[in-house]
Each structure stands twice: as C-alpha cells, then as structure tokens.
Amino acid sequence: MLLTPGELLQNRYRIVAHLGQGGMGAVYRAWDLRLKVTVALKEQIPQPGLDAGMLAQLRQQFEQEAVTLARLSHPNLVRVTDFFEEGGNAYLVMDFVEGDNLADRISGGDPAPEALVVTYARQLLDALAYCHSEGIVHRDIKPQNIILKPDGRAVLVDFGLVKLWNPDDPQTRTVMRGMGTPEYAPPEQYGKQGHSTDPRSDLYSLGATLYHALTGQAPPPASDRMADPQSFKPVRALNPQVSAEMDAAILRALEPARDRRWSSAIEMGAALAGVVASEAPHHPAGFGTATDAELELPRELSGTAVMPQAQVEPRSAARRRFLPWVWVSGAVVLLLLLWGGLSTLSGDMRATPTPEPTSSPTQEQSQTWMRPADGMVMVYIPAGEFQMGSADGEDDEEPVHAVEMADFWLDRIEVTHAQYERCVTAGACKASDQVNSSGINGPMQPVVGIAWFDALAYCTWVGGRLPTEAEWEYAARGPQGLKFPWGNGYDGARVNSCDVNCGSEWADKSVNDGYVYSAPSGNYPAGASWAGVLDMSGNVAEWVADWYGPYSSERQTNPTGPTNGEGRVVRGGSWGSDVALQRSADRFYFAPSATATDIGFRCVLAAAPGQ
C-alpha cells in the first residue's frame, strides 16, 4: 500500500508526493525535517509470491546495498544518506535530484545533438568507472534512470538492480536480480545466466542509451538481434550526422559477446575523448521541413539587406510583413534545410564546462533567481489556470480552451548576444548568423540569427529547455487573459516596435523608441507581464518548443503541442511587427532550421516543488 502525502516516517521524513513505482519498490519525494532539505525516499516492495526465506534474503540484500551505496561519493551519482525499517518495510533515503530524465528529453523521437550526448556520456562513464572500482555494477542503465540536472550534470539514479561485484568471483549473485528493460539490457542479463553480469554489462546498457539519444529510437532487444541480426542498424544508418568515431564506440559497446565490448568504462571514455561531431549536412528523421511553396523568396526589398531566411508562412499575404527587410538565397535555404536538427554542431566540439554548483530555485525563495551558467535572472511563474487562444485573432488561435499550468521559472529577458557567446565559446552552440550585422548584435541586445535547434542547444547547455507554447502564453497573459502583457490596450511606449519604414497598419509610429531594430533586452520595464517578465511583446519574437498545429477544444494540463509538424512555433512579435502580431495570443511558425534578424528566445526551468 502506497504512502500518502503527510505521513511521517522515523519522526523525520514527511512524505510530499509519490514519484513512481517499479518492480523493486516505490519512490517518494519527502521533506527531511531535521536537515530542512528535500530527499528521495525509496520503499522496498518485494515481488509477490515469495516465501519467508526469500523475503528475509531480500531485506538483507537491500540493507547491504544501502550500506555499500552510502559510501559512494561522485558528482554524477545519486547519494544514499540513510537506511531504516519501519512498520515491517525497509527504506532507502537518497538525495533528491532535480531535473528532467533523459527519457523525457528524447521522447519525441528527435535525435539529440551529438555534442551534448558526448558530454553526458563522458560524465556517466566517469561515474561508472568509479562504481566499478568500488565493486558495484548498476545493471539498469537506461534513459529513465539518467537525470539531467539544471547545472548541466547527468546523474545516474535508481540502483534497484545493483549488483555487488567481486572481480575475483565473477559469478557473485544478488537476490535482487531482475533482467532490466530489454532494449537496454545485455544478453547475459537474461535467463539463467543473469548472475554473470559484470562491468561490461553496464557499458552495453550505456551504449544502448546513447544509441537511443542519437537516433531517436531504442535499439532492438538483444534477443531480437540474435534471432534476426538484420533488425539492428548502426547509428549512422539512422542518423548520418553522427560522427564515425561515435558510431564505432557505440557499436563496440553493443557487441552481444562481452569479450568484444570495451574492457572498461575508462577505455570507452578514452575513445570518446577524441570524438569530434560530424558536420556533414543531414536532416534527421522527426525534424520538420518546409516545402518549396512555403518558402518566402522576395527578390527585391528596400535598402537594407540582412540575413538569409527560410520562412514558413501560414498566414495570408497581408500578414507577410513580419520581417520587412529579409532576402533569401536559394542555396543557403537549401543548406539550412539539409542541415536540420544538428545545426548546433560546428568546428572543434569541446566538452561543455559544468557550471558552478548552486542551489536550485524553490518557491519559498524570492520570486527571482539567478541562473549560474549564464547569469540570467529567472522569474517564478506560479501555477494557475487560464484561457488559451483568442476569438479576436486569426483562425489558428481558436478554439479558446482552458489550460491548467504547473509552476515554472522563466528567463526574465530574452537571451542576449553576450550570454549566447559563452555557449559558442564552450563549443556547445553554433555561432549566430548575425554576429557582424550592424544594429542588431550588441552584447546586451537579444541574440538573433539562430535557428530553433540553436536555441534548444543553448537552453540545454544552461540546464533548462525552451518554454512550451502554453507556458509562454500563460507567462504573458496570466489568469486574466490579458490581450497584451501589460493590459488590454496597446501602448507604444511600453514596447520596442516599428517606428521607421512602417506602413500605415504597423505599430505606434507616434512613439520613437530610439532603436531602428532591437533594443537591449529588458529595456522596457513598463511592458512587464503580470509575472514580471519583460519583452514578451515586441523587441524580438521568440522560438518556443512546440510544433505548430491546431488547438484542442478540450481542457488541457501542461500541454506540449503536437508530436510532429511542418515548423516550430514563434511567439511575441518583434520590432518589425504590427499591433496584431504583438498580441499575446498571436502565433505563427517557421522551419526549425530558419534564422531571422528578429527571432530570439528565452529558456524555462521547472520549479522545485513546494515543501
């Protein structure tokens, strides 16, 4: 029977929420009343039908593993802090690891950038080398058991199938056996040979996890591969953008015969140290493209020529003035579309530096928090409900529907050129197309000239993600459903909008803001949203996470949009937008490989649960 919120164990650990349940136990979030910190509490739940002798063995094994794991100390491993028995059940207490698990990050089927995967792989291999040196084999490595922390670290969790391994006695068994998840488990973990797993078994599972991250799909189970060898395809057969070195490293880790795999995590880590991400143009499966008919190709525009732009235009011709000075080169458009999902990779790819450790934000702290990776001030957006969409705009804003939102943290301003350059210098982001363009690339101006993929890479680098379309609109409109971030009436003094070279239908020309293009991020405090977020109207428009698609009429909770589509959603209007485009409910989309002089982005971080 599951524990319920509010229950108190050991007069110290108060249950906050049930997080999940597997074959070996249930996991809860709890509050440590003594140390005043959030912890993860795992309750042992033995498999049904076991006799008293086996139950006693399981309990003894559970305690022995707690003692063993408690001595581990590594930045990429979850730490065990306590073990106790109460009410006939046994419990492990571990650090609560805040972040998204890798499974959620790759659930959409889109391949992850190789540079990020290599960075996480090196961290995890270092953790495995440490575990194996301590005589511990994890035996359940898979995307669900890897947490990506806000500070940029990948942390290996859930040691439910852990085995105490003695290199002098490879047949050492654990009564908490289990086979793991078939797609990630090596063949020796099946059937009667399950007792013979060793450190090379973990390398197989990690190889399968890296395979999934780079291809968007899990490899076939080992049993299927042995029955039908043709069912297994190398990484580069599914994603040719991946480097040959990375492909070879994963293939060796996934060898069915253990003596053909890497001999140790150290050896595999050394092989990955020389991996340089491939730059071969490729459009991986699952990423959207634009057809020729969807590309805007204006031949002549007024005086200022700016960057190439691949534009997906769902609107009427009257609405195609979002970017008033854009020209397109057919060759560059083709290259952008071929480049696709891995456009963030360029040049000498170096490991992403881990930001300095810091406390994660919590609701109990102030309503703003500075992100350590780039110095961005984030604003707390409390949970709530609002009516998403509008009956007064374009057809794609309907139907208006109720949306319930969890709390989260959002960048107060749009990411600046100076902040983005840190990611470029670290080798985790592709340089902006507009670094040498006059009037739009000052260090404090929003970074522009970056594709959706580049924005995603940056948010991942700082430990966050792109906001969903619902999160963005909720942060702009709030529970009251305001038309603009500041209210229901347009006010040109509150926003950086078009005041030169504008047609009669464009934004308030009576207000000269002093900037022909974008202004420094956060320069218009009077335009703040209900939650204190700046520049959600005008200045530059912003990429969000969702594929573009129709709204549902049903009530939704934390919606994430369609699973595929033709383009990624852009929100917020820009310095070149008319009033209609600056409404908080307005939405449009572009090919994810497109770049523009007035599209930037901001990032989001899931809020730590209240205590």
Considering residues at least two apart in sequence or located in another chain, which fulfil the side-chain contact (heavy atoms from CB on, under 4.5 Å) criterion with A545?
L466

Partners passing side chain to side chain donor-acceptor pair (under 3.5 Å) against H417 (at least two apart in sequence or in another chain):
none

Restricting to side chain to side chain donor-acceptor pair (under 3.5 Å), what partner residues turn up for E542, sequence neighbours left out?
W472, R602

Please enumerate all residues that pass salt bridge (Lys or Arg N to Asp or Glu O under 4.0 Å) together with D126, with sequence neighbours excluded.
none

For R412, what residues pass the side chain to side chain donor-acceptor pair (under 3.5 Å) criterion, not counting sequence neighbours?
none

Students often mix this up, so state it plainly: with edges at 30° and 60°, are the rings of Y589 and Y548 parallel, tilted or perpendicular?
tilted

Spacing of L124 atom CG and L203 atom CG [to the nearest 0.5 Å]:
11.5 Å

How would you list, by chain and number, every residue that makes a side-chain contact (heavy atoms from CB on, under 4.5 Å) with A129, sequence neighbours excluded?
A265, I266

Intermediate values then yes/no, ring-ring contact (aromatic ring centres under 6.0 Å, His included), Y524 and W486:
CA-CA 11 Å; Y524 295 84; W486 55 83; 9.9 Å; no

What residues form a side-chain contact (heavy atoms from CB on, under 4.5 Å) with N101, not counting sequence neighbours?
A103, D104, I147

Taken in chain and number order and not counting sequence neighbours, the residues that satisfy side-chain contact (heavy atoms from CB on, under 4.5 Å) with A406 are N558

T560: what forms a side chain to side chain donor-acceptor pair (under 3.5 Å) with it, not counting sequence neighbours?
none

Who pairs with D202 by salt bridge (Lys or Arg N to Asp or Glu O under 4.0 Å), at least two apart in sequence or on another chain?
none

With sequence neighbours left out, which residue pairs that include part of residues 461-473 fulfil the salt bridge (charged side-chain N to carboxylate O under 4.0 Å, His left out) condition?
R465-E471, E469-R571, E469-R587, E473-R477, E473-R571

Strictly by salt bridge (charged side-chain N to carboxylate O under 4.0 Å, His left out), give each pair with a member in residues 528-541 just once, sequence neighbours left out.
none

